[in-house]
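Residues take their numbers from the sequence shown, with the count starting at 1. Small disclaimer: the values here were computed from a predicted structure and weren't measured.
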Amino acid sequence: MSASVDSVGTRRLPAPRPGPVPWVAMYHSVGDCSDDPYRITVTPERLGRQLAWLRRRGLRGVSVAELLAARARGEERGLVGLTFDDGYADFVTHALPLLHRWDCGATLFVLPGRLGGVNAWDPLGPRKPLLTADGIRRAAAEGVEIGSHGLTHVDLTEADDITLKVEVTESRALLEELTGAPVDGFCYPYGTVDARAVQAVREAGYGYACAIDPGALTGPHALPRVHVGQNDVTWRLHLKHRLHRLRRRPVEGL
């Protein structure tokens, strides 16, 4: 994705066209969901059916960067953003083969401060391994967009100024060093966002950022997303796809 660079080194995505907020699906882990108190897991079988549903509907999953670039050209019709938060190790083993099978792209938001660790921020567990540096490089080499989820999965709305800056700036620098490629996307941990966090992410040079339901903050640095889980069979996906456009109005700059 091409992007201009301003006088302070901030990457700018092409100016987007006005219109409805794009549909971006939010996933996390892909694997065994028998113990899943936070509903963050889909089985590979369910993910495969969901991707198949997209293709039957004439839709194709792509990275957020590709979606926004296509939107700026007026060519976003038929594209859906696919995002995977936290950087679970099962992305490479379970999600990536299915994305290839259904000719889909995706954005993977990872935590460079927890490489090879576990999801210690979830008090109820279960503990799930996170990708190592090699796993992230493998995903990037296979066409997945790598974005930052912060360093360590901290709620940025509760972080002090120093922690906030470190989480958004150092995570980006580490990922660019790790992958050898620009990192344009950020994802707010827990989906929580406020004006202060948005400003920090913008000042750190990200071209866009993903939240969940940012409300009045909706824009290029606070994109809303739709949670997709194990219970989302085809009729639920159809409703979520339709309701997303009905619930969210066009926003200046998006």
*Mark yes when over 12 heavy atoms from residues, nucleotides or ligands other than Arg127 sit less than 6.0 Å from its CZ; otherwise mark no.*
yes
*Can you tell me if Tyr38 uses its side chain to pair, donor with acceptor, with the backbone of Leu124 under 3.5 Å?*
yes
*Would the number of heavy atoms belonging to other residues, nucleotides or ligands and lying under 6.0 Å from CZ of Arg39 be above 12?*
no
*Measure from the side-chain N and O atoms of Gln50 to the backbone N and O of Gly229, and report whether any donor-acceptor pair falls under 3.5 Å.*
yes
*Mark yes when over 12 heavy atoms from residues, nucleotides or ligands other than Glu142 sit less than 6.0 Å from its CD; otherwise mark no.*
yes
*Would you indicate whether Arg236, at its atom CZ, is surrounded by more than 12 heavy atoms from other residues, nucleotides or ligands within a distance under 6.0 Å?*
yes
_Donor-acceptor check, side chain of Glu145 to backbone of Leu108, threshold 3.5 angstrom: yes or no?_
no
*Is Phe186 linked to Leu174 within one hydrophobic cluster, defined over Ile, Leu, Val, Met, Phe, Trp and Tyr using a side-chain heavy-atom separation of less than 4.5 Å?*
no
*Determine, for Tyr206 and Arg172, whether the Lys NZ or Arg CZ falls below 6.0 Å from the six-membered ring centre while staying within 45 degrees of the axis.*
yes
_Under 4.5 Å side-chain linkage, directly or through intermediates, the cluster mates of Val118_ = none
*Give the ring-plane orientation class for Tyr208 versus Phe109, where under 30° counts as parallel, over 60° as perpendicular and anything between as tilted.*
perpendicular
*asked:* So, using ring-ring contact (aromatic ring centres under 6.0 Å, His included) as the criterion, who are the partners of His28 when residues are at least two apart?
replied: none
*Kindly check if the number of other-residue, nucleotide or ligand heavy atoms within 6.0 Å of CD1 (Ile162) is above 12?*
no
*Any side-chain donor paired with an acceptor under 3.5 Å for Thr234 and Arg49?*
no
*Does the side chain of Ser34 pick up a donor-acceptor pair with the side chain of Asp32 at under 3.5 Å?*
yes
*Kindly indicate whether the side chain of Leu82, heavy atoms from C-beta on, has any atom under 4.5 Å from the side chain of Leu54.*
yes
*Using 4.0 Å as the upper bound for N to carboxylate O, is an ion pair formed by Arg196 and Asp161?*
yes
_Under a 4.0 Å threshold between the charged nitrogen and the carboxylate oxygen, would Asp85 count as salt-bridged to Arg225?_
yes
*Just by distance, with hydrogens left out, do Thr41 and Gln230 show a side-chain donor and acceptor under 3.5 Å apart?*
no
_Apply salt bridge (charged side-chain N to carboxylate O under 4.0 Å, His left out) to residues Glu66 and Arg60 and explain how you reach the verdict._
CA-CA 11 Å; Glu66 182 176 345; Arg60 183 169 69 90; 3.1 Å; yes
_Assigning hydrophobic clusters by single linkage (Ile, Leu, Val, Met, Phe, Trp, Tyr; side-chain heavy-atom cutoff under 4.5 Å), is Leu79 placed with Val24?_
yes
*Between Thr83 and Cys187, is any pair of side-chain heavy atoms under 4.5 Å apart?*
no
_Using modelled atom types and a 3.5 Å cut-off, is there a donor and acceptor pairing between side-chain atoms of Glu75 and backbone atoms of Ala70?_
no
*Answer yes or no: is there a donor N or O on one side and an acceptor on the other, between the side chain of His221 and the main chain of Val198, under 3.5 Å?*
no
_Contacts of Tyr88 that satisfy ring-ring contact (aromatic ring centres under 6.0 Å, His included) - sequence neighbours left out_ = none
*Between Asp194 and Ala197, is there a donor-acceptor pair closer than 3.5 Å when you use the side chain of the first and the backbone of the second?*
yes
*Exam field: side chain Thr163 to backbone Asp160, donor-acceptor pair closer than 3.5 Å*: no
*Between Tyr190 and His153, is the ring centre distance below 6.0 Å?*
yes
